[in-house]
Amino acid sequence: MRLSTYFLPTLKETPNDAQIVSHRLMLRSGMIAQECAGIYHWLPLGLRVLQKVEEIVRQSMNEAGFLEVLMPTLQPAELWEESGRYDAYGKEMLRITDRHDRRLLYGPTAEEAITDIVRRFMKSYKDLPRVLYQIQWKFRDEIRPRFGVMRGREFLMKDAYSFDLDAESARETYRRVMHTYMVTFKRLGLKAIPVRADTGPIGGDLSHEFHVFASTGESDIYYDKAFDALDLKGDENDLNQLMNLYAMADTMHDPKNCPVPQEQLNHTKGIEIGHIFYSGTKYSDSMKATVMGEMGKQIPLESGCYGIGVSRLVGALIEAHHDDYGIIWPESVAPFKIGLINLKKGDSLSDETCEKIYHTLLSQGKEVLYDDRDESIGVKFSTMDLIGIPTQIIVGPRGLKDGNVEIKNRRTGEKILCTLDNLYQRI
RNA sequence: CGGGGCGUGGCGCAGUCUGGUAGCGUGCCUGGUUUGGGUCCAGGAGGCCGGAGGUUCGAAUCCUCUCGCCCCGACCA
């Protein structure tokens with residue numbers, strides 16, 4: 001992509017509305033623009049990141065054998081009356097009436113919708129177990145939206161729902177999802193800790209939240225310091241270690257009965273990026289979702305619900321990866337992998353060299369953002385640093401005189417000179 | 001919902017107390033200049049001061065109502 005023809009409305013100054021670093025940087029780097037409180041436009045650069053995150057989540061789900069569906073954002077009120085949550089959910093639910101006075105709602109979650117599908121089409125124990133998921137926009141009319149996409153009213157969520165024949169199998173599925181989450185977060189470049197949590201209005205008796213440590217997090221968590229030393233690889237072994245580690249949401253933490261000694265316990269702020277529940281037969285009971293069992297008896301489905309906040313993850317990633325100059329994207333979610341800077345547009349050697357590098361990288365399938373604008377050097381450097389492209393290739397007459405270009409690592413700031421011939425092996 | 005703050009060119013702000021027809025920085029456009037960290041100089045476009053009503057000869061400024069946004073708290077699968 002050529003920056004001269006891209007749409008990247010960067011801001012030099014921080015908009016007054018933004019308080020936390022991820023929100024500021026998302027606005028300044030032209031990733032998002034606010035439409036109204038808690039509702040945002042995703043501009044080209046931001047959308048690329050959002051889609052990367054979404055794709056990593058999707059692939060991890062698919063690899064685990066979970067099946068993607070896409071349900072409507074609007075749901076009929078009757079479905080929620082059936083589960084008893086239409087009244088219970090309160091003002092957070094955005095209720096809508098259509099021209100025929102039919103009562104609809106913009107889905108804040110989709111347990112009812114998915115349970116309705118499953119009860120209609122899954123009739124036999126042979127159809128189980130199954131995990132269905134979607135990545136769809138949700139709306140919750142939060143009392144106070146804040147922190148940009150971290151606590152928006154409209155947000156993109158991956159929500160999965162599992163259906164098993166019995167509790168034992170359901171708990172095994174819960175564990176599989178947990179493992180899938182560890183893989184997902186690892187791939188995203190985040191160190192996430194599962195903490196025991198309240199089940200809240202979703203119901204059930206087993207629940208974990210996944211948190212990324214950040215001073216700007218909204219949740220208080222207590223955990224065993226041993227977690228800090230773990231080098232997570234996203235495998236089965238990690239899962240066992242994590243399951244045995246003490247980590248609690250503040251509502252679950254009881255200082256009097258905590259098995260971890262005080263000096264071994266950390267208290268910190270976390271951003272909740274995922275939440276999983278074993279909900280038992282809560283929905284299958286109220287909505288009469290059963291399958292025929294082996295013995296010819298109707299058996300209510302055992303279910304679980306598993307969320308990942310996809311749009312929130314974009315904010316959380318920035319909270320975890322930034323410096324004074326801007327964002328530092330992990331490779332896996334970077335909107336572009338390589339930023340190519342032409343320091344002297346109009347200099348024929350610089351122009352030609354950049355064009356050649358640009359086309360070579362494109363032909364290698366690399367995602368490259370070429371700053372071919374007629375701007376000053378400082379502007380180009382700061383733009384590239386601000387938007388956080390992991391690797392920068394800097395091309396200018398001074399280096400080219402000796403046949404060199406420069407490769408800069410955004411994270412470390414390290415710059416190395418290399419010849420044009422060597423360039424492609426070194427990035 | 002309780003408490004607090006803010007709405008003035010795209011963005012960041014001053015002007016409001018003490019009423020007299022809007023200013024600075026940045027961004028944008030033009031021309032020149034500069035070229036390894038947000039160059040420098042000159043010229044220019046752009047604002048019914050969130051909205052409505054009122055007071056006044058005259059309102060960004062005073063009064064009333066209203067809308068929006070932000071922060072703290074409560075709330076939050």
Side-chain angles (χ1 to χ4, degrees), chain A residues 9-20 23-24 27-28 30 33-39 80 83 85 88-93 107-112 114 138-148 150-153 155 157-161 197-204 207-210 216-219 249-251 271-279 282-283 304-309 312 324-326 341-347 350 371 373-386 392 394-401 404-406 408 413 415 417:
Chain A
T10 57
L11 264 27
K12 202 166 175 175
E13 285 168 297
T14 303
N16 179 275
D17 285 351
Q19 301 298 320
I20 67 167
H23 190 197
R24 290 178 169 186
L27 291 168
R28 284 196 52 214
Q34 181 166 334
E35 170 147 300
C36 57
I39 304 180
W80 285 68
S83 72
R85 288 208 298 178
Y89 217 91
K91 289 188 169 179
E92 271 199 18
M93 181 186 283
T109 177
E111 283 80 8
E112 284 80 0
I114 197 78
K138 306 294 189 297
F139 192 92
R140 291 180 195 169
D141 201 356
E142 299 278 351
I143 297 172
R144 183 150 88 87
R146 63 187 115 173
F147 302 153
M150 298 265 279
R151 190 166 200 74
R153 292 193 292 171
F155 57 98
M157 179 168 87
K158 186 285 305 175
D159 45 323
Y161 307 91
D198 262 338
T199 52
I202 289 278
S207 175
H208 285 86
E209 290 174 357
F210 290 78
T216 47
E218 293 187 86
S219 315
D250 60 344
T251 50
I271 300 169
E272 182 190 345
I273 54 175
H275 201 159
I276 61 180
F277 300 86
Y278 163 56
S279 48
K282 179 179 158 84
Y283 300 99
C305 329
Y306 316 91
I308 290 180
R312 175 182 285 181
D324 289 348
Y325 300 103
I341 298 179
N342 184 350
L343 285 183
K344 191 163 186 178
K345 187 175 157 100
D347 176 80
S350 293
D371 192 345
R373 295 174 303 171
D374 190 11
E375 287 284 356
S376 73
I377 291 149
V379 169
K380 292 187 182 186
F381 282 143
S382 357
T383 299
M384 212 52 97
D385 285 348
L386 175 64
Q392 298 172 13
I394 300 162
V395 179
R398 204 170 80 184
L400 287 176
K401 186 158 49 74
N404 288 328
V405 297
E406 207 170 295
K408 177 181 157 184
K415 294 177 181 175
L417 273 181

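These figures come from a predicted structure and were not determined experimentally. Chain A is the first sequence line, chain B the second, and so forth, proteins listed ahead of strands; every chain is numbered from 1.
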Reading nucleotides 5-15 of chain B from 5' to 3' and marking B where a protein heavy atom lies under 4.0 Å of the base, S where only the sugar-phosphate is that close, and - otherwise, the string is ------BSS--

task = Please confirm whether any donor atom in the side chain of A:Lys401 sits under 3.5 Å from an acceptor in the base of B:rG36, or the reverse.
result = no

When rounded to the nearest 0.5 Å, the distance separating CG of A:Asn342 from CD1 of A:Ile394 is 11.5 Å

Using the C1' atom in both, what is the distance from B:rG9 to B:rC28, to the nearest Å?
11 Å

request  = Take A:Ser219 and A:Glu272 through the side-chain hydrogen bond (donor to acceptor under 3.5 Å, both in side chains) test and state the conclusion after the steps.
outcome  = CA-CA 7 Å; A:Ser219 315; A:Glu272 182 190 345; 4.7 Å; no

Between CG of A:Asp250 and P of B:rA74 the distance, given in whole Å, is 11 Å

A:Gln34 CD to B:rC69 P, in whole Å, measures 7 Å

### Task
Output yes when a side-chain donor or acceptor of A:Lys158 lies under 3.5 Å from a complementary backbone atom of A:Tyr306, and no otherwise.
yes

Taken in chain and number order and not counting sequence neighbours, the residues that satisfy salt bridge (Lys or Arg N to Asp or Glu O under 4.0 Å) with A:Asp17 are none

A:Arg24 CZ to B:rC70 C1', in whole Å, measures 12 Å

Exercise for the section: For B:rC72, take OP1 and OP2 only and decide whether either is under 4.0 Å from a side-chain N or O of A:Gln19. Expected result: no

Got a list of protein N/O to nucleotides 27-35 of chain B N/O distances below 3.5 Å?
{"residue": "B:rG27", "atom": "OP1", "partner": "A:Lys12", "partner atom": "NZ", "Å": "3.4"}

Closest to the side chain of A:Arg146, out of B:rC69, B:rG73, B:rG38, is B:rG73

In whole angstroms, the gap separating C1' of B:rG36 from CG of A:Asp385 amounts to 13 Å

Atom CZ of A:Phe381 and atom P of B:rU39 are separated, to the nearest Å, by 12 Å

| message | Just N and O in the side chain of A:Arg144: are any of them under 4.0 Å from OP1 or OP2 of B:rC75? | response | no

With the side chain defined as heavy atoms from C-beta on, A:Ile143 is closest, among B:rA74, B:rG36, B:rG37, to B:rA74

Here the distance between atom C1' of B:rG38 and atom CZ of A:Arg373, to the nearest Å, is 10 Å

Review point. With sugar-phosphate meaning primed atoms plus P, OP1 and OP2, does A:Phe155 contact a base, only sugar-phosphate, or nothing at under 4.0 Å between heavy atoms?
Key: base

### Query
Does the side chain of A:Met384 reach to within under 4.5 Å of the side chain of A:Lys408, using non-hydrogen atoms?
no

note: A:Asp324, atom CG; B:rG37, atom P; distance rounded to Å ~ 19 Å

As its Watson-Crick or G-U partner within any shown strand, both distances under 3.5 Å, B:rU39 has none

Taken to the nearest whole Å, CE/A:Met384 to C1'/B:rG36 is 15 Å

